[in-house]
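Please read the structure below before turning to the comments.
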Amino acid sequence: YLHDYDYEQYPEEHLQHTEAPLKEAGVEAADIRAILSHGYMIINDVEPLTKMEKSLFAVDELTGIIQAAARMRPAGITDMEISSFMKKFKDKKFAAKCDRELIRKGCEMLGMEVKEVAAICIEAMKEMADELGIGTKE
């Protein structure tokens, strides 16, 4: 939940107003570093090194595409299969602002294929579908 701590207040300066307030709040240094590392190659040079950092880096953009795909489905994410998601992922015009190369780089850092990481994300997001606003439309 903290990875986009400063995004709403400073969208153009994302992650530049994160470290000090989180330190003051008592967030552990390793967690702060992980949060900062999701901006690697985008806004900073904090390279993801741990599994947590690599995971956050990989899924930040990926979950954006998953949410976009879920919003187009009558049942939201609840019945989404990896095969239908991968069709959307391969369509460069779909959720065009989500950087697929960053996603691939993050998955590569984890030693996993995009399809594998996406499947894990989809299943995890299904459990939180209503809270994320991507559950069945009524």
If you draw a 6.0 Å radius around CD in Glu113, do more than 12 non-hydrogen atoms from other residues or ligands fall strictly inside?
no
Sequence neighbours left out, what passes salt bridge (charged side-chain N to carboxylate O under 4.0 Å, His left out) with Glu101? Give chain and number order.
Arg104
Using salt bridge (charged side-chain N to carboxylate O under 4.0 Å, His left out) as the criterion, list what pairs up with Glu123, not counting sequence neighbours.
Lys126
Do you know the tightest heavy-atom contact between Phe85 and Ala118?
CE2-CB, 3.7 Å
All pairs passing salt bridge (Lys or Arg N to Asp or Glu O under 4.0 Å) where residues 21-33 contributes a residue, at least two apart
Glu19-Lys23, Arg33-Glu53
Minimum heavy-atom separation for Leu110 and Ser55, please, with both atom names.
CD2-OG, 3.6 Å
To the nearest 0.5 Å, tell me how far Lys105 NZ sits from Asp99 CG.
12.5 Å
With hydrophobic residues grouped by side-chain heavy-atom distances under 4.5 Å, do Leu132 and Met80 end up in a single group?
yes
Suppose we screen for salt bridge (charged side-chain N to carboxylate O under 4.0 Å, His left out). Which residues come up paired with Asp79, at least two apart in sequence or across chains?
Arg73
Compare every heavy atom of Ser37 with every heavy atom of Pro48, then report the nearest pair and how far apart it is.
CG-O, 3.7 Å
Taking a hydrophobic cluster as the set of Ile, Leu, Val, Met, Phe, Trp and Tyr residues connected by side-chain heavy atoms closer than 4.5 Å, whether directly or through intermediates, do Leu102 and Tyr40 fall within one such cluster?
yes
Show me the side-chain donor-acceptor pairs of residues 87-97 shorter than 3.5 Å, one per line, residues at least two apart or across chains.
unit_1, atom_1, unit_2, atom_2, d
Asp91, OD1, Lys93, N, 3.0

Minimal non-hydrogen separation, Asp60 against Thr63, with atom names
O-OG1, 3.1 Å
Any chance you could measure Gln67, atom CD, to Cys98, atom SG, to the nearest 0.5 Å?
9.5 Å
Looking at every non-hydrogen atom in both residues, tell me the closest pair between Gly106 and Ala58 and how far apart they are.
C-CB, 3.6 Å
Specify the closest pair of heavy atoms between Ala129 and Ile77, including all atoms of both residues, with the distance to one decimal.
CB-CG2, 3.7 Å
Roughly how far apart are Met72 CE and Ile134 CD1, rounded to 0.5 Å?
14.0 Å
Using the rule that Ile, Leu, Val, Met, Phe, Trp and Tyr join whenever any side-chain heavy atoms are under 4.5 Å apart, tell me whether Met86 and Ile66 fall into a single cluster.
yes
Quick check: is Ile82 connected to Ile103 through a chain of hydrophobic side chains (ILVMFWY, heavy atoms under 4.5 Å apart)?
yes
Can you check whether Met112 reaches Ile120 side chain to side chain, under 4.5 Å on heavy atoms?
yes
Same apolar cluster (I L V M F W Y, side chains within < 4.5 Å links), Val117/Leu49
no
For Arg100, the salt bridge (charged side-chain N to carboxylate O under 4.0 Å, His left out) test, sequence neighbours excluded, returns none
